[in-house]
Amino acid sequence: MNTRQVLRRLEAAWAEFEDSYAGLSDAELLMPGVQGRWSVRDVIAHVTWWEEEALKHLPLVRDGGRPPRYSIAYGGIDAFNALMTERRRHLPLADVLRQHAEVHARLLDYIRAAPEELFTMETRFRRRLRLDTFGHYPLHARAIRAWRTRRSTSPAE
């Protein structure tokens, strides 16, 4: 793999994620029950904070460091997600969507500027990038699509 191939994978998974909620109204984006109690808005915020985690930790990984374990720092990934959900719960939809676009653009800029050798093998850098981004987006795209299907096949109330 090279940088261009990684970027293609990332952008394909991103487009799939974005497409999963395309056409939904603001009201639909705020409906709970997409993944547990999360709305699409909450899922978008979740994807964004994991991209922020990538931006925070990839430079450390690139320099040979190891980010703190989520189990030690937060009591696990679920606890981290719960903490971040609570921290972002107050944000209006427009702010969540703006942050989503801005953070993704910063991530793409960072990846484009990273040395090619970080992508040619399965490095810790590439693994972290995959886990926080193009390996992560499809999980939520599938959940949103499944929710949309459930909604479209549910009898009207």
Side-chain angles (χ1 to χ4, degrees), residues 1-22 24 29 32-91 93-148:
M1 253 194 194
N2 59 35
T3 305
R4 194 173 71 253
Q5 291 168 317
V6 168
L7 283 167
R8 261 196 307 250
R9 266 186 144 169
L10 193 147
E11 282 305 306
W14 178 261
E16 187 78 18
F17 176 67
E18 297 286 288
D19 186 57
S20 73
Y21 63 87
L24 292 175
L29 292 172
V34 175
Q35 280 190 276
R37 291 183 292 189
W38 281 359
S39 65
V40 173
R41 174 225 170 268
D42 297 327
V43 173
I44 294 167
H46 169 81
V47 165
T48 301
W49 74 64
W50 279 104
E51 285 194 334
E52 289 171 336
E53 286 295 288
L55 283 165
K56 180 168 125 184
H57 295 301
L58 285 172
L60 177 65
V61 171
R62 178 180 170 178
D63 293 340
R66 293 196 181 268
R69 293 194 164 284
Y70 289 88
S71 59
I72 294 168
Y74 301 100
I77 290 200
D78 289 342
F80 174 74
N81 283 332
L83 173 69
M84 295 304 292
T85 298
E86 192 53 42
R87 284 184 182 170
R88 308 240 173 147
R89 186 167 305 287
H90 72 283
L91 290 176
L93 176 60
D95 290 352
V96 169
L97 295 174
R98 180 186 46 74
Q99 286 179 357
H100 183 61
E102 289 174 359
V103 170
H104 188 69
R106 283 190 4 245
L107 179 68
L108 292 177
D109 289 343
Y110 179 78
I111 294 166
R112 287 183 190 112
E116 186 76 30
E117 63 266 13
L118 293 170
F119 302 106
T120 56
M121 298 183 313
E122 182 60 26
T123 60
R124 286 186 328 109
F125 181 93
R126 196 171 90 187
R127 181 175 183 275
R128 176 71 195 226
L129 177 65
R130 181 183 67 249
L131 291 173
D132 290 346
T133 63
F134 61 88
H136 186 216
Y137 311 146
L139 305 172
H140 298 295
R142 282 192 297 275
I144 292 168
R145 288 184 195 290
W147 173 77
R148 290 180 85 160

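These numbers come from the heavy atoms of this one structure, side chains and all, not from hydrogens, waters or symmetry mates.
Residues satisfying the ring pair (Phe, Tyr, Trp, His ring centres under 6.0 Å) test with Y70, not counting sequence neighbours, are W50, Y74, F80. Applying the ring pair (Phe, Tyr, Trp, His ring centres under 6.0 Å) criterion to H57, with sequence neighbours excluded, gives no partner residue. Every residue two or more places apart in sequence or in another chain that forms a ring pair (Phe, Tyr, Trp, His ring centres under 6.0 Å) with W38 is listed here: H46.
To the nearest 0.5 Å, atom CG of residue L107 and atom OG1 of residue T133 are 6.5 Å apart. In this structure, CG in D42 is found 10.0 Å from CZ in R37, a value given to the nearest 0.5 Å. The distance from the CG atom of L29 to the CG atom of L24 is 5.0 Å, given to the nearest 0.5 Å. Distance check: T3 OG1 to I111 CD1 gives 9.0 Å after rounding to the nearest 0.5 Å. Remark: D132 CG to E51 CD distance equals 9.0 Å, nearest 0.5 Å. Rounding to the nearest 0.5 Å gives a distance of 10.5 Å between CG of L58 and CZ of R124.
Under the 4.5 Å side-chain criterion, counting only non-hydrogen atoms from C-beta, P59 is in contact with Y110. Inter-residue side-chain proximity for V103 and L55 is flagged as met; some heavy-atom pair is nearer than 4.5 Å.
A salt bridge (Lys or Arg N to Asp or Glu O under 4.0 Å) with E122 is found for exactly one of R128, R127, R130, namely R130.
The two atoms that bring H140 and V47 nearest to each other are CD2-CG2, 4.0 Å, heavy atoms only. S20 approaches I144 most closely through the heavy-atom pair O-CG2, 3.1 Å. Of all heavy-atom pairs between N2 and R4, the closest is OD1-N, 3.0 Å. The nearest pair of heavy atoms linking R148 to A22 is NH1-O, 3.0 Å. Looking at every heavy atom in both residues, A114 comes nearest to L118 through CB-CD1, 4.0 Å.
Classification of R88 and E52 as a salt-bridged pair holds, one side-chain N sitting under 4.0 Å from a carboxylate O.
Residue pairs meeting the salt bridge (charged side-chain N to carboxylate O under 4.0 Å, His left out) criterion with at least one partner in residues 99-120, sequence neighbours excluded, are R98-E102, D109-R112. Legend: salt bridge (charged side-chain N to carboxylate O under 4.0 Å, His left out) pairs involving residues 54-65, not counting sequence neighbours, sorted by first then second residue: E53-K56.
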Please report, to 0.1 Å, the donor-acceptor pairs under 3.5 Å made by any side chain of residues 9-18, with sequence neighbours excluded.
from, atom 1, to, atom 2, distance (Å)
E11, OE2, H104, NE2, 3.0
E16, OE2, R145, NH2, 3.2
E18, OE1, Y21, OH, 3.3
E18, OE2, Y21, OH, 2.8
E18, OE2, H100, NE2, 2.7

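Checking side-chain atoms of E86 against main-chain N and O of L83 turns up no donor-acceptor pair under 3.5 Å.
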